[in-house]
Protein chains: 2
Amino acid sequence: MNVADKLPPVHDDLEAGGEYRLHEQVGFVLRKANQRHLSIFAAHVGDLTPPQFAALARLHEVGETSQNQLGQLIAMDAATIKGVIDRLKKRGLVTLKPHTLDRRRLVVGLSEEGRVLVERLLPVAMRITAETLKPLNAREAEIFLKLLGKIADG
Amino acid sequence: MNVADKLPPVHDDLEAGGEYRLHEQVGFVLRKANQRHLSIFAAHVGDLTPPQFAALARLHEVGETSQNQLGQLIAMDAATIKGVIDRLKKRGLVTLKPHTLDRRRLVVGLSEEGRVLVERLLPVAMRITAETLKPLNAREAEIFLKLLGKIADG
DNA sequence: GCAAACTCGTTTGTATACGAATGATACGCC
DNA sequence: GGCGTATCATTCGTATACAAACGAGTTTGC
């Protein structure tokens with residue numbers, strides 16, 4: 001259950017174009033959209049968070065990498081990716097080993113269980129995206145993803 | 001500085017429509033968009049977070065309310081809004097007093113400093129939204145906000 | 001070669017976020 | 001009126017997120 005689901009319907013008063021209305025501020029609506037997606041994700045997956053899944057999915061894509069590099073690939077700073085990897089490690093979904101040449105680095109890889117799990121979840125992830133986009137028709141969804149991508153990349 | 005800014009450019013390989021690509025999953029892109037907005041917000045405001053500002057802005061709109069009700073108005077669950085209000089209280093931006101009729105409730109209101117601060121920040125918030133939407137032209141921005149609203153509200 | 005600058009991972013501190021459990025209070029229904 | 005249910009605020013536990021500072025290691029500049 002999501003907090004956002006309980007929000008009262010918001011009435012549009014579209015006169016007075018220059019005024020402040022919280023529900024028209026991108027940040028606020030982005031946050032709510034995120035909340036809704038989170039709850040859809042949790043309903044489908046349950047025992048893995050989106051960041052954890054993102055890490056596993058990227059590892060599956062690129063193979064082994066250093067911890068920080070993986071973080072960059074999924075837009076997480078060093079402190080955040082560390083926690084994510086720690087928890088995945090504790091569950092045996094990833095493996096950690098020192099880099100042979102650069103002794104600062106920690107090489108992260110998928111364990112066998114991790115690989116199996118990711119491959120099972122990849123189709124689920126696509127269904128999650130589809131369900132999140134359900135309020136839009138196909139054409140709108142395509143436009144939305146394009147524009148959202150521009151916003152995300154600056 | 002934002003982690004997302006350092007992400008390598010992502011190349012579109014648009015053949016194979018049914019395949020999994022992380023950068024096309026809404027959740028992932030929503031998260032990045034949020035990150036970019038966060039960093040824009042921080043650059044403009046600095047000593048207030050978006051949730052804190054949302055709380056103040058809503059209080060300015062609706063006047064006094066109970067803590068939980070305020071949470072519902074900005075899509076925060078009880079545990080989250082408590083922390084936000086606590087921190088605003090500690091800085092003297094909101095006032096807390098018991099409800100006269102319902103002794104369970106805690107009535108939250110803007111302090112004088114809080115009111116002054118919100119009123120100063122309202123125009124800034126609109127500039128933050130504008131800057132976040134800068135990658136889009138006016139028509140795109142309008143479409144984007146409409147579609148994002150649908151996604152957020154389910 | 002070597003000192004300065006940078007990178008990698010870690011830790012600490014703060015701020016969301018939410019689920020779940022709890023105590024106090026209010027309300028509904030009979 | 002009183003009991004079951006619902007609501008309000010709080011607390012605990014877990015998981016992002018990021019800034020800042022740090023030690024250890026590596027690369028650059030000269």
Side-chain angles (χ1 to χ4, degrees), chain A residues 1-6 27-28 30-32 34-39 41-43 45-55 65-72 74-91 96-108, chain B residues 1-6 27-28 30-32 34-39 41-43 45-55 65-72 74-91 96-108:
Chain A
M1 188 43 181
N2 193 315
V3 180
D5 301 340
K6 286 180 290 193
F28 183 68
L30 272 175
R31 193 172 132 268
K32 288 211 300 166
N34 227 28
Q35 282 180 343
R36 177 161 163 272
H37 175 262
L38 258 288
S39 102
F41 188 101
V45 178
D47 65 340
L48 216 55
T49 65
Q52 288 168 3
F53 174 70
T65 14
S66 78
Q67 192 177 267
N68 277 6
Q69 191 155 31
L70 178 59
Q72 285 175 19
I74 53 179
M76 285 182 210
D77 80 348
T80 302
I81 189 69
K82 189 191 186 310
V84 174
I85 293 300
D86 279 356
R87 286 180 282 275
L88 292 174
K89 168 67 180 168
K90 191 155 60 176
R91 294 176 50 183
L96 293 179
K97 64 185 183 198
H99 194 277
T100 20
L101 302 179
D102 188 338
R103 276 181 299 167
R104 293 168 305 178
R105 295 193 201 176
L106 205 50
V107 176
V108 190
Chain B
M1 187 44 180
N2 192 316
V3 180
D5 301 340
K6 287 180 289 194
F28 184 66
L30 273 175
R31 193 171 132 269
K32 288 212 298 167
N34 227 27
Q35 282 180 342
R36 177 160 164 273
H37 174 262
L38 258 288
S39 102
F41 189 100
V45 179
D47 65 340
L48 216 54
T49 65
Q52 288 168 4
F53 174 71
T65 13
S66 79
Q67 193 177 264
N68 275 8
Q69 190 154 31
L70 178 59
Q72 284 176 18
I74 53 179
M76 284 182 210
D77 80 347
T80 302
I81 189 68
K82 189 194 186 310
V84 174
I85 294 299
D86 279 356
R87 286 180 282 276
L88 292 174
K89 167 67 179 167
K90 191 155 59 176
R91 293 175 52 183
L96 293 179
K97 63 184 184 197
H99 194 278
T100 20
L101 302 179
D102 187 339
R103 276 181 300 167
R104 293 168 306 177
R105 294 192 201 177
L106 205 50
V107 177
V108 191

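Naming: A, B, ... by sequence-line order, numbering from 1 per chain. In this text, all values refer to a predicted model and were calculated from it rather than measured experimentally.
Among the protein residues, B/L101 comes within range of the sugar-phosphate backbone only, with heavy atoms under 4.0 Å from sugar or phosphate atoms but none that close to a base. Within 4.0 Å of A/N68, counting heavy atoms only, lies at least one base atom of the nucleic acid.
Atom NE2 in A/H37 sits roughly 16 Å away from atom C1' in C/dC18 (whole-Å rounding). Atom pair B/R105:CZ and D/dC8:P shows a separation of 6 Å (rounding to whole Å applied). If you take NZ of A/K90 and P of D/dA15, they are 7 Å apart, rounded to a whole angstrom. Between the CD1 atom of A/I85 and the P atom of C/dT10 there is a distance of 10 Å, rounded to whole Å. Following rounding to the nearest Å, B/L106 (CG) and D/dT10 (C1') show an atom-to-atom distance of 11 Å. In this structure, B/M76 places its CE atom 17 Å from C1' of D/dT10, rounding to the nearest Å. Between B/D47 atom CG and C/dA15 atom C1' there is a gap of 14 Å when expressed in whole angstrom units. In this entry the distance linking CD1 of B/I81 with P of D/dT11 reads 16 Å, nearest Å.
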List the steps and the verdict of salt bridge (charged side-chain N to carboxylate O under 4.0 Å, His left out) for B/D86 and B/K90. CA-CA 6 Å; B/D86 279 356; B/K90 191 155 59 176; over 6 Å; no

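Listed pair A/S66 / C/dC8 fails the phosphate criterion, with no side-chain N or O lying under 4.0 Å from OP1 or OP2. For D/dT26, the OP1/OP2 oxygens have a side-chain nitrogen or oxygen of A/R103 closer than 4.0 Å. Note on A/Q69: every side-chain N or O is 4.0 Å or more away from OP1 and OP2 of C/dT7. Listed pair A/R31 / C/dA17 meets the phosphate criterion, a side-chain N or O lying under 4.0 Å from OP1 or OP2. In this structure, B/T49 reaches the C/dT16 phosphate: one of its side-chain N or O atoms is under 4.0 Å from OP1 or OP2. Dashed line: the shortest gap from a side-chain N or O of A/Q35 to OP1 or OP2 of C/dT16 is not under 4.0 Å. For C/dT16, one of the phosphate oxygens OP1 or OP2 lies less than 4.0 angstrom from a side-chain nitrogen or oxygen of B/R87.
Annotation: of the two residues near DNA chain C, A/K82 and B/R104, the 5′-most nearest-nucleotide partner is A/K82. In this structure, B/V107 and A/Q52 both approach DNA chain D, and ranking their closest nucleotides by distance from the 5' end singles out B/V107. When the nearest nucleotides of DNA chain C are assigned to B/A79 and B/V84 by heavy-atom distance, the more 5′-ward of the two goes with B/V84.
Residues B/R104 and B/D102 come closest through the heavy atom pair NH2-OD2, 2.7 Å. Here the closest heavy-atom approach between residue B/A75 and residue A/R31 is recorded as O-NH2, 3.0 Å. Minimum interatomic distance between B/R105 and B/S66 (heavy atoms only, all atoms of both residues): CD-CB, 4.0 Å.
Remark: of the listed residues B/V84, B/L70, B/N68, B/V84 is the sole one forming a side-chain contact (heavy atoms from CB on, under 4.5 Å) with B/M76.
Looking at the side chain of B/D77, the nearest of the listed nucleotides D/dT10, C/dG19, C/dC8 is C/dG19.
Checking side-chain atoms of A/Q67 against main-chain N and O of A/I85 turns up no donor-acceptor pair under 3.5 Å.
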